[in-house]
Every structure is written in structure tokens, then in C-alpha cells.
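Have a look at the structure below, then the notes.
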Amino acid sequence: MLGLVDGNNFYASCERVFDASLRGQPVVVLSNNDGCAIARSSECKALGVKMGQPIHEVPTHIRRQLKVRSANFALYGDLSGRVVSVLRDLFPAVEVYSIDESFVSFDGIPADQRERVAGQARERIMKWTGIPCCVGIGSTKTLAKLGNKRAKTTDSGVEEITGDHQLQDFAVGDVWGVGRKWAAKLGAEGILTALDLANTSPDALRARYGVVLARTQLELQGVACGQLEESEPDRKQIVVSRSFGREVVELDDVAQAVATFAIRASEKLRARSLSAGGVWVWLDTNPFKSGAKQYHPSRAMQLITPSADTREVLAMAQALVRSMYRKGYAYKKAGVGLLDLSPCGTQQSDLFASVDPRSTKLMAVLDQTNRRFGRGSMGFASAHRPKPGQWAMRQEHLSPSYTTKWDQLLKVR
DNA sequence: TCTGGGGTCCTAGGACCC
DNA sequence: TCTGGGGTCCTAGGACCC
């Protein structure tokens, strides 16, 4: 049996841990650039703010009642790790599925003890981290996810899916793996509930929707298609992209943003002990601005040998942005991707390319320095920090990084 | 004024090979 | 009139997830 433990309104709950004035209040956390609602407290949902809704579309009289926060991923990531460490103490195996969700194994826990252990996990997480969460239990991941959905509406915060009779209570769109498009298409064919989906003809489903939904159907029937994965599989690509706080016109500014993203992507690469075989850069004008000239160039290049050296990634990213940049457009977003990732030290080297043996050491010093003194303490001239009002993203409602920055610790008078 | 970011997998179609 | 069969690789697009 599997459980899914999911932090309720996770980012909003994180903001409340250290700021008691937010408790009981309608809290909304905004995406980067303070654009869209990406987490809402229950009070905020009750006011009608939708997931993903651009905050400027929320009527002013509602917006005035909201406690608004800019996304603070340093804080959320740290609290997420603390939740996971509680789970690792209580369960024989844990798969960290996302920043706010983990699958856990109930192996070795008697059936009549599951709800008690799940309840204990909830209590301990609440007590030790301040994050409220719910637990869904089922024989497959898909059923555990469904149970979690129901658990959110119960007092106990724990729900086990034990049989088909429960499936009819869920709309087909509630099922993990059934998104908006497929829910509409299935609905048009009369498949309206999770039970309908479980009972429909497998061959027709496979033909019309492909193997992904066919697997989901099996999981609803209790046939596990995905196991608990305790170790994270290696990444296939690493992407860093941001919208700009304002439109950017000049090549130097666009190039500076791309340099910043390339440096960050290289850091993420080394943190996972990977090397990149290629670099990919793209630029975007503002698609929401009707009448503005649009331009969405995208270009990739292979490195001669896979590398984790920021200098090589940076040089290639700069060459790419310069080759794509066109004067006369207002750029709103850019991104850098690292492709063809492979574990460090396993690559085939080029017979004629010499690898700089000092590279690994230099990058290690760079990373250590930035870990110790803060990101960007040691860097590259091509990515010097943007002046306020330049391309830097807007974060007007950012809370302190209470748990990850010494100078931002909570002060208790 | 204002519209996120980071991933995965599958499928179809074209180019190319023998 | 008639025009094979089987395979790989790559890319673009679409679906999904958080």
C-alpha cells in the first residue's frame, strides 16, 4: 500500500509558519515577477481567486483584502526538506514527488494501523514544521492521489481508497493524469467519473488516448504501473528562464540576462554532478501585447565535448544570443537550456580537444565560495547584477528567507 | 502598468538507411 | 495498369504534472 502526503496550499502555508499575522487571512502567493496566483489559502480560494489567475485580473475590491506574497522558493524548498525528513523517520520508503508531495510506503504496517500512522505523520509534521498536510492511501499511486483529494475535505485529513464504490464520487478530471483537454474529451463520450474511466473498454481507450491514459485506467483498477522510486532519476535537461520585470530592447541587456541564466544553469548542472552536451537559448517578445511585433527565436548548439564549466556554457550562450538578437523588438523573456546531460566523468573525450584540467578545481572553488558567501559573491563580469528597473524580476512582496540566510533570521524580541 | 517556471512522456511525420 | 518492407533517428507538437 502507498500513501500520498501533500502539504495543504503549500506555499501559502510556508508563508504562515513565520508570519503569524497571515493565519486566518486570505493569503495569495504570486509567481515570479508577481504575475499569477500560484498558491492560495482556503480564505483566498473562498474569495474566488483562481489558480494561475493573473493577479491584475482580480477585482480591486477583492485584491485589497488579500495578503500578497512574492514567491520565496528558498523558504519553500527548505521547509519541504524538513517535511521529508519527518516522513523518512516514520515510513520504510519515501519518494519525493514534488516540492509539496511525497509518496510513502506502508510496507510492514498492518492494515488496521495505516490510518493511525498516517495521522501520526500529519501531527508530527504540523508540530515540527508548522505545515498542515493530508494523506491519501491506496494500492496504487493513482488511487493514493485520489484518496488525498478526498482527505482534503475530511476532518481526519486521512482517506483510504478501498474499493470501486468510492470511485464514482470523483469527476474524471480529478484523476491524476487526466488534464483539462482529456477531461472534456472523455466527458463528451459519456465518461464522467473515475469509475466510468475504470470501467471503459481498454482497447478503445488505448486507441483514442494512447498508452498514458491506458496505464492510468489500470492504476484505477488497482494494477500498479508505477512503483515507488526512492532515488531521483538523472535529469535530461536543465532549464533556467525568466520573464523580465520590464521590456528590454538593447542587446547588452538581453545578453546580460542570458549570461545570468547560463551561470545559474551551470550551477544546477554541477550540483547534480552532470555535464551538458549542448546549450540552447531562446528569446521571447511579449505575446500578450497585441499590436507589438513578435519574435521568438530559439537556437541550440552542441559542445565539442560535454562540459560543466560555466565559462564554456557562457561563451556558447553569448554567441547564440548575439546570433539571434534583432534590433527593434521589445524582449520580455529569455531562457537558457542545457541539453544531452550525462553524469560527469563518463563522457567520451574528443581526440583533438584538450580538456583544461584546472576547470574542475576552478568550478569547485566558485561553487564553494558562492555557497558560503551567497549566490553571486564570486561571478562573471558579463552577468553583473541588473540595475533596479532593468530586466530584474519584480518581487515587491517578498518575505525574508527565514531559514536559509543568516541576516534574515526571525527576530524574537 | 500588470499575464510563471521547470519538467516528463508520447505520437506523428519526415528523412534516411538497407 | 503496375510502385516493398522494415528499421532508426530527429523534430515538432501536444498532452500531462507540480
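Using a 4.0 Å heavy-atom distance criterion, Ile238(A) is classed as a sugar-phosphate-only contact. Within the 4.0 angstrom heavy-atom criterion, only backbone atoms of the sugar-phosphate kind lie near Asn32(A); the bases stay farther away. Residue contacts for Asp100(A): at a heavy-atom cut-off of 4.0 Å it reaches the sugar-phosphate backbone alone, with no base atom in range. If you check every strand for non-hydrogen atoms under 4.0 Å, Tyr209(A) touches nothing. The residue Glu101(A) sits close only to the backbone: its heavy atoms come under 4.0 Å of sugar-phosphate atoms, none of a base.
Residue Ser243(A) has a polar side-chain atom (N or O) positioned under 4.0 Å from OP1 or OP2 of dG5(B). Contact annotation: Lys332(A) does not reach the phosphate of dC2(B) (side-chain N/O to OP1 or OP2, under 4.0 Å). For dT3(B), the OP1/OP2 oxygens have no side-chain nitrogen or oxygen of Lys289(A) closer than 4.0 Å. An OP1 or OP2 oxygen of dG5(B) is reached within less than 4.0 angstrom by a side-chain nitrogen or oxygen of Lys333(A). The phosphate of dG14(C) (OP1 or OP2) has no side-chain N or O of Lys185(A) nearer than 4.0 angstrom. Phosphate proximity of dC10(B) to Arg215(A): present, with a side-chain N or O under 4.0 Å from OP1 or OP2. Within the 4.0 Å cut-off from OP1 or OP2 of dT1(B), not a single side-chain nitrogen or oxygen of Arg246(A) is found. Checking the phosphate oxygens (OP1, OP2) of dT3(B), no side-chain nitrogen or oxygen of Ser31(A) falls inside 4.0 Å. Phosphate contact (OP1/OP2 of dG6(B), side-chain N/O of Arg242(A), threshold under 4.0 Å): present.
A cation-pi geometry, defined here as NZ or CZ lying under 6.0 Å from the six-membered ring centre and within 45° of its normal, holds between Lys185(A) and Tyr209(A). Cation-pi contact between Arg150(A) and Phe170(A): present, with separation from the ring centre below 6.0 Å and deviation from the ring axis of at most 45°. The cationic atom of Lys332(A) (NZ for Lys, CZ for Arg) does not lie both less than 6.0 Å from the six-membered ring centre of Phe244(A) and within 45° of the ring axis.
For the C1' atoms, the distance linking dC17(C) with dG4(B) amounts to 15 Å, nearest Å.
DNA chain B is contacted by both Met51(A) and Arg206(A); Met51(A) maps to the nucleotide lying nearer its 5′ end (nearest heavy atom per residue). Judged by closest nucleotide on DNA chain B, Val240(A) is the one of Val240(A) and Val212(A) placed further toward the 5' end.
Of the candidates dG7(B), dG6(B), dA15(C), the closest approach to any side-chain atom of Trp182(A) belongs to dA15(C). Residue Val211(A) has its side chain nearest to dC10(B) when only dC18(C), dC10(B), dG4(B) are considered. Counting only heavy atoms from C-beta on, Pro54(A) has its side chain closest to dT3(B) among dA15(C), dT3(B), dC9(B). Among the nucleotides dG6(B), dC18(C), dC10(B), the one closest to any side-chain atom of Ser241(A) is dG6(B).
With Ser377(A) contributing its side chain and Gly374(A) its backbone, the two residues share a donor-acceptor pair below 3.5 Å. In this structure, Lys152(A) contributes its side chain and Asn8(A) its backbone to no donor-acceptor pair below 3.5 Å. Checking side-chain atoms of Ser266(A) against main-chain N and O of Thr310(A) turns up no donor-acceptor pair under 3.5 Å.
A straight line from CD1 of Ile55(A) to P of dG4(B) spans 13 Å, rounded to a whole angstrom. The distance between atom CD of Glu232(A) and atom C1' of dG7(B), rounded to the nearest whole Å, is 10 Å. Distance CG (Asn286(A)) to P (dC2(B)): 7 Å, rounded to an integer number of Å. Rounded to whole Å, the distance from OH on Tyr97(A) to P on dC17(C) is 8 Å. Rounded to whole Å, the distance from NE2 on His296(A) to P on dG13(C) is 13 Å. For the pair Asp174(A) CG and dC17(C) C1', the interatomic distance rounds to 15 Å; values are reported in whole Å. Spacing between atom CG of Asn9(A) and atom C1' of dC18(C) amounts to 14 Å, rounded to whole angstrom units. The distance between atom CD of Glu95(A) and atom C1' of dC18(C), rounded to the nearest whole Å, is 13 Å.
The nucleotide dC18(B) finds its pairing partner in dG5(C), both defining distances of the Watson-Crick or G-U wobble pair being shorter than 3.5 Å.
With no hydrogens or angles considered, no side-chain donor-acceptor pair links Glu159(A) and Thr154(A) at under 3.5 Å.
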